[in-house]
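As a basis for the values below, the full set of heavy atoms in this structure was taken, side chains included, without hydrogen atoms, waters or symmetry mates. Given the structure is predicted, the values throughout are model-derived calculations rather than measurements.
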Amino acid sequence: MDFNLTEFQREILDLSDKLLSDYCTQARLRKAEDLGYFDAELWQQMADAGLLGLALPESVGGMAQDFETLTVLLEQLGRHVAPVPALPVLATASLPLLPYANVACVQAALRAVCSGEGMLTAALADSGFTNSSASDTLAENRDGKLYLYGEKSRVPAGMQASACWTVAQDGGDVGIYLFACEQVGVKRRAQETTNGQSLAHFSLDGAQAELLVKGADADAMLTAARHYQQAATAALATGLCEGMLALASEHCSERKQFGRPLGSFQAVAHQLADCYIDKACLRVASEQAACQLRDGIDAEESALVAAYWTTEALHRISHRSQQVHGGTGVDRDYPLFRYCLWARQLEMDLGGQNSVLAALGSNIAAAHAA
């Protein structure tokens with residue numbers, strides 16, 4: 001596999017880096033913290049630059065690029081701790097819908113994402129269920145129309161979303177349903193996360209919806225959403241690790257102890273070297289998963305490996321970055337704390353290292369048994 005960036009991908013990297021450098025200043029990030037860590041102006045600027053439609057088809061106003069190209073953008077968003085919900089909107093929610101992009105309601109939702117006029121999200125967590133085909137939410141057919149009843153928790157970008165797809169049961173059959181968030185049957189309540197980014201709790205009481213798929217197709221769509229989430233999180237995490245390492249390296253070059261830069265001490269240098277190795281391992285795992293998803297190869301194992309290295313690298317690099325910074329790292333006037341909060345949030349979003357390792361072990365055992 002060739003992991004070198006294409007000319008177009010380098011252009012996307014340069015464009016996104018310039019845009020995010022202009023908008024992700026300390027002053028703007030502090031302001032975003034009071035708004036659910038969301039910068040609406042930056043989101044619209046990304047739409048105007050075509051970045052929101054990077055991996056979406058031209059029929060909805062996108063650039064029709066592949067998932068690997070999208071990870072270039074995600075990595076830059078992580079490096080700048082950008083206050084936008086790109087991962088859940090552009091990867092987890094949008095990409096699994098691409099096989100159904102010719103369906104009118106899906107086409108409208110994806111077109112709104114590209115233009116920035118709306119957001120699409122996926123509500124995959126009931127009470128007790130996460131990223132599973134099991135669901136307490138019920139779909140009821142009345143007079144040829146479908147209505148949803150149930151509770152959805154921890155919906156990413158739920159307070160800003162204009163459309164959402166979710167899992168529901170209709171007479172024992174599990175299906176994927178798409179509904180508009182701004183309607184009488186939907187009530188939203190904000191939930192705050194570790195990194196300050198707002199989620200939403202949805203109460204569905206007769207929310208009118210459209211059925212997209214049922215049965216095995218619904219399971220396949222949920223599997224695709226999980227793979228995209230894991231691989232996209234790894235790409236975002238790679239950028240976070242780059243950002244933390246850059247701050248740690250700069251601090252250890254400038255801060256002096258006993259008349260010498262901190263980085264000149266062997267113990268500190270070894271800590272940063274270990275961080276660099278962890279980041280390099282994460283990057284390789286991330287790129288492997290992205291390439292397999294791009295090429296349509298079964299990415300179950302590579303996505304789990306990327307998720308494992310995400311939890312491993314984020315945990316170790318955030319701790320070591322804090323250690324070499326001393327008390328400076330937790331000062332909210334210094335940017336490192338945001339990276340560490342995001343690192344912890346992404347670890348939890350993936351379920352934690354133990355659950356990822358258990359899933360990876362089960363996958364390897366099943367492969368050997370076959």
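- For the pair G78 and L236, the tightest heavy-atom approach, listed with the atom from each and the gap, is N-CD1, 3.4 Å.
- Judged by distance alone, with hydrogens and angles left aside, the side-chain atoms of D170 form no donor-acceptor pair with the main-chain N or O of D173 at under 3.5 Å.
- In terms of modelled atom types and a separation under 3.5 Å, the side chain of S94 and the main chain of A91 share no donor-acceptor contact.
- Y228 is connected to L178 through a chain of hydrophobic side-chain contacts under 4.5 Å among Ile, Leu, Val, Met, Phe, Trp and Tyr, so both are in one cluster.
- Side-chain contact annotation: D349 with Q345, donor-acceptor N/O pair under 3.5 Å present.
- Only one option out of R338, Q197, R28 pairs with E33 in a side chain to side chain donor-acceptor pair (under 3.5 Å); it is R338.
- With hydrogens and angles disregarded, no donor-acceptor distance shorter than 3.5 Å links the side chain of R294 to the backbone of A289.
- Of the possible polar contacts, none joining the D295 side chain to the I297 backbone as a donor-acceptor pair under 3.5 Å is found.
- Residues V356 and L350 share a closest heavy-atom pair of CG2-O, 3.6 Å.
- Remark: aromatic rings of Y23 and H80 are distant, center separation not under 6.0 Å.
- Within the 4.5 Å cutoff, no side-chain heavy atoms of C241 are placed close to those of C275.
- A donor-acceptor pair under 3.5 Å links the side-chain atoms of S16 to the main chain of I12, judged by distance alone.
- Residue Q183 places its CD atom among more than 12 non-hydrogen atoms of other residues, nucleotides or ligands, all under 6.0 Å distant.
- Residues satisfying the ring pair (Phe, Tyr, Trp, His ring centres under 6.0 Å) criterion with H270, sequence neighbours excluded, are absent altogether.
- Judged by distance alone, the side chains of E75 and T238 never bring a donor and an acceptor atom under 3.5 Å apart.
- Side-chain atoms of Q76 and R79 include a donor-acceptor pair closer than 3.5 Å.
- When hydrophobic clusters are built by joining Ile, Leu, Val, Met, Phe, Trp and Tyr residues whose side-chain heavy atoms come closer than 4.5 Å, directly or via intermediates, I317 is not grouped with V324.
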task: Apply side-chain contact (heavy atoms from CB on, under 4.5 Å) to the pair L120 and W165, showing each step before the final yes or no.
output: CA-CA 8 Å; L120 173 67; W165 62 265; 4.3 Å; yes
task: Starting from the C-alpha separation in whole Å, work towards a yes-or-no answer on salt bridge (charged side-chain N to carboxylate O under 4.0 Å, His left out) for D14 and R10.
output: CA-CA 6 Å; D14 293 339; R10 286 195 293 270; over 6 Å; no
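- There is no side-chain donor-acceptor pair under 3.5 Å between S302 and Q288.
- Atom CZ of R111 sits in a crowded spot, with more than 12 heavy atoms from other residues, nucleotides or ligands closer than 6.0 Å.
- Put simply, the side chain of T71 never gets that close to the backbone of L74: no donor and acceptor are under 3.5 Å apart.
- Ring planes of H325 and H251: parallel class, angle under 30° (limits at 30 and 60°).
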Check against side chain to side chain donor-acceptor pair (under 3.5 Å), D331 and T328: CA-CA 5 Å; D331 189 338; T328 305; over 6 Å; no
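- In terms of modelled atom types and a separation under 3.5 Å, the side chain of T121 and the main chain of G158 share no donor-acceptor contact.
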- prompt: What's the verdict on side chain to side chain donor-acceptor pair (under 3.5 Å) for E312 and Q353, showing C-alpha distance, side-chain angles and the deciding distance?
  reply: CA-CA 7 Å; E312 180 83 355; Q353 189 179 87; 2.5 Å; yes
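- For K145 (side chain) and A209 (main-chain N/O), no donor-acceptor pair under 3.5 Å exists by modelled atom type.
- The ring pair (Phe, Tyr, Trp, His ring centres under 6.0 Å) test applied to Y177 returns no partner, not counting sequence neighbours.
- Side chain of S286 to backbone of L282: no donor-acceptor contact under 3.5 angstrom is found.
- Taking hydrophobic clusters as Ile, Leu, Val, Met, Phe, Trp and Tyr residues chained together by side-chain heavy-atom distances below 4.5 Å, M159 does not share a cluster with Y37.
- E347 and T311 form no side-chain donor-acceptor contact under 3.5 Å, judged by distance and modelled atom types alone.
- The shortest non-hydrogen separation linking G185 to A207 is O-CB, 3.7 Å.
- By the salt bridge (Lys or Arg N to Asp or Glu O under 4.0 Å) test, E140 pairs with R142, sequence neighbours left out.
- Put simply, L346 and F38 are part of the same group of oily side chains (I, L, V, M, F, W, Y) that touch within less than 4.5 Å, one to the next.
- Other members of the cluster containing L341 are F337, with ILVMFWY side chains joined at under 4.5 Å, either directly or via other members.
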message: L360 vs E301, test: side-chain contact (heavy atoms from CB on, under 4.5 Å). Steps then yes/no.
response: CA-CA 7 Å; L360 180 58; E301 183 173 314; 4.2 Å; yes
query: Hey, mind stepping through F8 and Q65 against side-chain contact (heavy atoms from CB on, under 4.5 Å) and telling me if it holds?
result: CA-CA 10 Å; F8 181 79; Q65 297 299 308; 3.5 Å; yes
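- By the ring pair (Phe, Tyr, Trp, His ring centres under 6.0 Å) test, Y276 is found to be paired with no residue, residues two or more places apart in sequence or in another chain being considered.
- The backbone N or O of R320 lies less than 3.5 Å from no partner atom in the side chain of R316, so there is not a single donor-acceptor pair.
- Between P57 and L98 the shortest heavy-atom distance is CD-CD2, 3.6 Å.
- For F202, there are no ring pair (Phe, Tyr, Trp, His ring centres under 6.0 Å) partners two or more places apart in sequence or in a different chain.
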task: Begin from the C-alpha positions of L212 and L97 and carry the test side-chain contact (heavy atoms from CB on, under 4.5 Å) through to its verdict.
output: CA-CA 9 Å; L212 298 181; L97 292 184; 3.6 Å; yes
